Amino acid sequence: MGLILLLVSLLFGYGAIELHASHYFDSHLQSIPFPRSLISDDQPYRTAYHFQPVKNWINDPNGPMIYNGIYHLFYQYNPDGVVWAPPVWAHSTSTDLINWTPQPIAIQPEMDANINGSWSGSATILPGNIPAMLFTGLNPKYEQVQVLAYPKDINDPYLKEWFLAPNNPVMFPTPENQINASSFRDPTTAWRLRDGIWRVLVGSKTGTTGTSLLFKSKDFVNWVQIKEPLYSYKLSGMWECPDFFPVYINCKPIGVDTSTIGHHVKHVLKNSLDDTKHDIYTIGTYLHEKEAYVPDVGFMNESSLRYDYGKYYASKTFFDDVTTRRILLGWANESSSVADDMEKGWSGIHTIPRNVWLDCSGKQLIQWPVSEIEALREKPISVPHQVLKGGSIIELHGVTAAQADVEISFGIHDLKNIEKFKASWTDPQLLCSQKGTSVSGGLGPFGLLTLASKGLEEYTAVFFRVFKAHNNKFVVLMCSDQSSSSLNQTPDKTSYGTFVGVNPIREGLSLRILIDHSVVESFGGKGKNVITARVYPTMAIYDDAHLYVFNNGTGSVRITSLTAWSMKKARIA
Ligand SMILES: *[C@@H]1O[C@H](CO)[C@@H](O)[C@H](O)[C@H]1NC(C)=O
Ligand SMILES: *[C@@H]1O[C@H](CO)[C@@H](O)[C@H](O)[C@H]1NC(C)=O
Ligand SMILES: *[C@@H]1O[C@H](CO)[C@@H](O)[C@H](O)[C@H]1NC(C)=O
Ligand SMILES: *[C@@H]1O[C@H](CO)[C@@H](O)[C@H](O)[C@H]1NC(C)=O
Ligand SMILES: CC(=O)N[C@H]1CO[C@H](CO)[C@@H](O)[C@@H]1O
């Protein structure tokens, strides 16, 4: 079936015609000498508008930047296979963050400092408009050291070729600094204060204490470690891919340059916790005279806020000074088996770039897919304002359900059966796994069944439940449930969950979902909480995928708006 669709899509464009005549195509196909390469392109899990190279393993986004109007994305890449191996930096460029052009490998083993691999790092634009990369190299002793790279020709609009500075490494473990040579990696974008001195963070740990080491430099080449780290937290383990950036306190969706300080901004410190593979962040104050960071609330551990409550890691932001946005990129790995990855020939995708800014509460960030993605939308369908009674399920026809963008808002009014929230329910993921789509509640589950087969043998449900807590407050649970996502038993079937900090009565409850074959990226509460799921349906593929809106609670909810778009394919590889 997939093969037929592929052929159809080659001939007519994806989704352009209905496929009832599959037998006709079948017999027709047998007479065509079919190139093997085309057959192996029968790829129900390959994404159509998420970033991924043609083949092989990818992980962290590296050194994202906009330079002379062109976006650059580098990423951890194994050029030889679908499993991790000592990485090189692959490179793609774009003018819209959605369509990407592959460029030659930018960084590979070149000198002792990176002879055993080129791990993650970040871009900084130096005075004179010169881009510089700081990244982690593995030297002949497998020690992690920090390496400086520059483009060979800054007049090449695509910055195709890069070279390593002769005096590398520029930061390295010594007996004096007592840095653990196996736990010293992923430099941030540097920032420069009025004293003209650059600062950069490198992730590390001391024992089990996660830490952001701080280094300073006048010239970007000679770096001196500040004795105290910018921030540390006990028992949190190794901090990978730190990110440290200011956000405006005015809660407008605009970004600010990484070097900005002052009363009009707060600072965000994000780390990727190696022990749990979660990207967590705190919001706080950067005390630059003291070279320290103090979070407002929260801790840099599992109790902190997460960018994404699903599959998401090693993220990084950059400031886009052309559109004045701070843009967040992240990696969503596969949860399929290595054997399945070998068969499909690739592993790992990046999530859709997200615009990030501070919520008006000042207590969390808001994330929203960059508006450029909307250029791929076509053939919108909408559903009129209506009441969705308990027990209803409505199919949304006329949308390519395996490749779609959906926005829905619910109004909450029917509170007569609302359940009481129990104080012992502190773990939203556990609550989502206990209360799946077939557990009827007073208000919820209601939401969408994505990548669903016609007979609902398979579906990835993304839904809410609303509870009444003390003091007339409400608790909103958001779940992205993979337990029925595939008849194949191997992939991860976790039911992800998070509590969304909205007042559902006053504000309603919104959900935006980007569906792309094997990824379901869900934004709840207008971008307050995000959950990314990787799923591998066996029946709900291509045109056999369906999309439903459902309410399996006893109370009714109101659909106040619902629009779903078919999504065109992006030009990526
Ligand atoms: C250094 O980090 C490695 C990798 O996590 C760890 O195995 C080792 O125990 C650490 N060494 C010390 C002295 O903490
Ligand atoms: C995180 O840190 C806080 C404060 O020290 C502590 O109460 C909490 O138990 C920690 N959470 C985890 C999951 O370690
Ligand atoms: C990648 O996926 C596997 C399997 O689902 C998971 O155990 C692992 O933690 C993931 N790694 C990261 C970095 O997300
Ligand atoms: C809704 O609940 C009923 C009754 O528990 C169950 O049979 C049905 O499968 C549920 N629907 C979904 C989509 O889970
Ligand atoms: C896996 C790998 O490439 N290891 C290399 C690390 O560096 C030493 C010294 O150059 C090589 O001998 C190893 O082969």
Side-chain angles (χ1 to χ4, degrees), residues 78-81 83-88 108-119 136-145 169 181-182 208-210 231-237 239 271 273-278 280-282 284 294-306 309 388-396 426-430 432-465 479-485 493 495 540 546-555 557:
N78 173 7
D80 301 318
V83 294
W84 186 91
V88 300
Q108 46 197 332
E110 187 176 315
M111 58 199 292
D112 270 1
N114 76 332
I115 201 74
N116 275 316
S118 303
W119 291 14
T136 301
L138 265 76
N139 72 14
K141 293 194 282 185
Y142 285 97
E143 290 169 332
Q144 295 171 16
V145 299
S182 306
T208 55
T209 297
Y231 187 66
S232 309
Y233 199 81
K234 58 185 189 304
L235 298 176
S236 55
W239 289 0
N271 286 292
L273 302 191
D274 194 20
D275 290 358
T276 56
K277 304 291 179 208
H278 292 158
I280 59 150
Y281 70 92
T282 58
V294 182
D296 288 352
V297 281
F299 327 95
M300 194 52 81
N301 71 4
E302 280 304 296
S303 306
S304 283
L305 295 161
R306 282 169 60 183
Y309 293 82
L388 191 63
K389 287 222 175 69
S392 24
I393 176 160
I394 302 171
E395 178 162 9
L396 302 171
T426 52
D427 181 346
Q429 181 161 307
L430 183 64
C432 286
S433 68
Q434 289 163 348
K435 292 175 177 285
T437 51
S438 57
V439 179
S440 177
L443 260 181
F446 58 88
L448 293 162
L449 303 180
T450 68
L451 295 172
S453 59
K454 187 81 197 158
L456 296 184
E457 296 87 351
E458 292 181 329
Y459 54 85
T460 299
V462 185
F463 60 89
F464 295 114
R465 288 175 185 274
C479 306
S480 175
D481 181 354
Q482 305 176 107
S483 60
S484 300
S485 60
K493 298 291 176 70
S495 191
H546 300 262
L547 178 65
Y548 299 88
V549 55
F550 79 104
N551 176 9
N552 229 0
T554 53
V557 295

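Computed over heavy atoms, backbone and side chain alike; hydrogens, waters and symmetry mates excluded. Position 1 is the first residue of the sequence, and the numbers go up from there. Counting convention: from 1, in listed order, for ligands and their atoms alike. Everything numeric in this text was worked out from a predicted model, so none of it was measured.
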Atoms of ligand 2 less than 4.0 Å from [X] heavy atoms?
X	answer
Tyr233	2 (O), 3 (C), 4 (C), 5 (O)
Glu302	13 (C)
Lys234	5 (O)

* Asked: Where is the tightest heavy-atom contact between Asp296 and Gly284, given as atom of each residue plus distance?
  -> OD1-CA, 3.5 Å
* Will you find, in the side chains of Thr437 and Tyr459, an N or O donor that is under 3.5 Å from an N or O acceptor? -> yes
* Under 4.5 Å between any side-chain heavy atoms of Arg306 and Thr276, yes or no? -> no
Using only atom types and a distance under 3.5 Å, with no angle test, would you say the side chain of [X] pairs donor to acceptor with the backbone of [Y]?
X	Y	value
Ser440	Asn552	yes
Ser485	Thr460	no
Asn116	Asn139	yes
Asn271	Leu273	no

What is the nearest protein non-hydrogen atom to [atom], stated with its residue, atom name and distance?
atom	result
atom 11 (N) of ligand 4	Asn552 ND2, 2.8 Å
atom 12 (C) of ligand 2	Asn301 ND2, 3.4 Å
atom 1 (C) of ligand 5	Tyr142 OH, 3.1 Å
atom 9 (O) of ligand 2	Ser303 OG, 4.6 Å
atom 9 (C) of ligand 5	Pro140 CB, 3.7 Å
atom 4 (C) of ligand 4	Ser438 O, 4.2 Å
atom 2 (C) of ligand 5	Asn116 OD1, 2.8 Å

* To do: Please work out whether any backbone atom (N, CA, C, O) or any side-chain heavy atom from C-beta onward of Phe550 is under 4.0 Å from ligand 4, and answer side chain, backbone, both or neither.
  => neither
* Asked: Which one holds for Thr437 and ligand 4: side chain close, backbone close, both close, or neither close, with close meaning a heavy atom under 4.0 Å?
  -> both
* Applying a strict 4.0 Å limit to heavy atoms, is Tyr548 in contact with ligand 4? -> no
* Under-4.0 Å protein heavy-atom contact, atom 14 (O) of ligand 5 -> no
* Asked: Does the protein put any heavy atom within less than 4.0 Å of atom 7 (O) of ligand 4?
  -> no
* Asked: Atom NZ of Lys389 and atom OG1 of Thr554: how far apart are they, to the nearest 0.5 Å?
  -> 13.5 Å
* Heavy atoms from other residues, nucleotides or ligands near NZ of Lys454 exceed 12 (cutoff 6.0 Å) -> yes
* To do: Please work out which of the three classes, parallel, tilted or perpendicular, describes the rings of Phe464 and Phe446, given edges at 30° and 60°.
  => tilted
